[in-house]
Amino acid sequence: MSNPSPLTALVGIIASSVQALESAYSQQGAAFPSLDEPYSPGPLNNDATVAATTRLIVAAAHQLIATVREPLETIHDYAPGMYMSASLGLVTDINVPEVLKDAPTGLHVDAIAEKVEVDSGKLARVMRYLATRHVFKEVSPDVFANNRVSSVLVKAHPLEELKTNKVTKYVGATGAAIVGHITDEGLTSAPFIIDYIRDSPKDALAPFNLAYKTKATLWDWYEEPGNEWRGLRFATAMTGGGERFPPTIFTEGFDWKSLKEGSIVVDVGGSVGSVTFAIASAFPHLKYIVQDLAKVVDDPGQKFWQERSPQSISSGAVTLQAHSFFDPQPVKNAAVYFMRLVLHDWPEDTCIAILKHLRAAAGPSSKLIIFDMLMPYACPDPAGGPPPPPAPLLANLGIAIGGFITAVDLQMLNFFNGQERTLKQFITLGAATGWKFEAVNPGPLAALVFSTV
Ligand SMILES: C[S@@+](CC[C@H](N)C(=O)[O-])C[C@H]1O[C@@H](n2cnc3c(N)ncnc32)[C@H](O)[C@@H]1O
């Protein structure tokens with residue numbers, strides 16, 4: 001029998017995966033969640049098989065569209081991507097999802113506009129742009145309701161407080177914080193990617209620096225007067241970014257049980273310490289130190305632990321420590337130094353400086369663990385890697401896996417001239433700084449283990 005055409009093969013992947021998905025749900029006595037209902041966590045949320053099946057459907061559906069659509073239509077769909085960013089940024093900033101939260105059957109755009117204090121005609125156009133792309137639902141002409149997608153943007157405070165307290169507006173609302181960060185600093189900087197790559201300006205660290213006409217890093221810029229709320233929003237976004245990854249990546253990415261009682265584990269550039277929280281909950285026999293800039297550990301960091309586990313701080317099991325990883329590492333001979341999503345923020349020479357400080361502090365049995373994404377090629381990797389997905393899907397599953405990693409990669413370029421790295425690039429970084437590559441636990445976030453010998 002001849003091979004099926006790409007279109008038939010893609011439809012086949014979608015059909016068999018949808019069947020598998022629906023049967024997984026029916027075994028739980030549940031129906032697959034409707035796009036029209038607000039999001040609520042379901043019994044299969046963290047199920048790895050369901051997640052893999054979903055990714056196949058997303059990759060195949062996206063490739064199917066790219067295959068059947070006229071190329072110019074595809075380009076006309078992709079090129080105005082900034083309107084998606086601007087529309088999401090607007091509705092998040094003016095609190096539209098919060099207004100719709102209490103109106104499950106929908107609200108006329110005039111009523112929404114009155115509550116969020118903008119022009120109704122213009123808001124209707126933005127809402128329809130989003131509803132056309134499955135963010136919100138247009139229930140009847142000019143009447144909009146939250147759906148499964150828009151509902152994840154609802155923030156954690158009452159509307160009146162959101163309107164008056166900009167500083168804490170995003171605290172506790174990770175979805176909104178991620179959108180806010182990307183559609184504010186990210187959207188402002190992104191056009192400068194063109195100038196940055198084409199002209200290689202000598203005195204700009206990254207496109208962000210061209211956009212904001214500053215020499216400060218994003219981190220220093222957050223500390224400037226007037227930007228504190230953005231820094232706080234970023235810390236919230238990072239907690240949310242972390243929640244995207246199942247905690248087993250951190251708890252199973254290394255044999256924590258093998259460490260002796262009281263061994264020291266340092267979370268370098270740990271933000272509020274959400275990874276430490278996951279590991280410390282599973283391995284209470286260890287002592288943890290979360291290091292980050294003073295602004296981060298002193299405020300959102302303290303709050304994070306007071307809300308989740310104040311006894312971890314009072315007992316000394318977890319210490320929050322202000323420390324810049326550009327200074328000599330004060331914790332010598334720790335059992336483990338780990339970093340999650342830190343090295344991708346920095347270019348090569350800076351990563352080398354950070355890793356050298358850790359190497360200088362390390363003892364003979366210290367380990368370094370890097371939790372970061374591994375950049376997957378869109379084609380098969382001649383050096384090996386996981387088994388390829390069914391043909392004709394891209395090796396990195398296109399939008400379903402590679403889509404996120406390549407977007408974060410450009411985001412790292414945009415803000416810091418940082419990057420997502422391949423396994424080989426990480427091994428080279430380790431070798432340049434005295435860290436010997438030992439093992440990798442692959443996954444949505446890889447755990448790369450290095451030793452000193
Ligand atoms: C992308 S975030 C990752 C945070 C955390 N590891 C996580 O996964 O939630 C990078 C972190 O590096 C911190 N950072 C930036 N410059 C730093 C420095 N010089 N020393 C220590 N931390 C720094 C930032 O404040 C931020 O929390």
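No experiment lies behind these values; they were computed from the predicted model shown. For ligands, and for the atoms within them, numbers begin at 1 and follow the listed sequence.
- Less than 4.0 angstrom separates some heavy atom of W346 from each of these atoms of ligand 1: 16 (N).
- Looking at T350 and E348, their side chains never bring a donor and an acceptor atom within 3.5 Å of each other.
- Within ligand 1, the atoms closer than 4.0 Å to a non-hydrogen atom of F326 are 19 (N), numbered from 1 in the order shown.
- If you check each of D292, D345, I354 against atom 26 (C) of ligand 1, the one with the closest non-hydrogen atom is D292.
- Checked by distance only, ligand 1 and M238 stay at 3.5 Å or farther apart across all their nitrogen or oxygen atoms.
- Between L341 and ligand 1, a contact under 3.5 Å exists for no N or O pair.
- Residue contact check: V296 has heavy atoms under 4.0 Å from atoms 25 (O) of ligand 1.
- Contacts of K115 classified as salt bridge (charged side-chain N to carboxylate O under 4.0 Å, His left out), with partners at least two apart in sequence or in another chain: none.
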Side-chain donor-acceptor contacts of residues 170-178 below 3.5 Å, not counting sequence neighbours, with atom names and distances?
none

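- In this structure, R133 satisfies the cation-pi test against Y129, with its NZ or CZ atom closer than 6.0 Å to the six-membered ring centre and inside 45 degrees of the ring normal.
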Kindly indicate, with the supporting measurements, whether the criterion ring pair (Phe, Tyr, Trp, His ring centres under 6.0 Å) is fulfilled by F416 and F208.
CA-CA 7 Å; F416 314 108; F208 159 80; 7.9 Å; no
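- Close approach of ligand 1 to H323 is summarised as follows: ligand atoms under 4.0 Å from at least one heavy atom of the residue are 20 (N), 21 (C).
- Residue contacts with ligand 1: Q291 is placed with no nitrogen or oxygen under 3.5 Å of a nitrogen or oxygen of the ligand (distance criterion only).
- The part of W219 lying near ligand 1 is the side chain, judged by heavy-atom distances below 4.0 Å.
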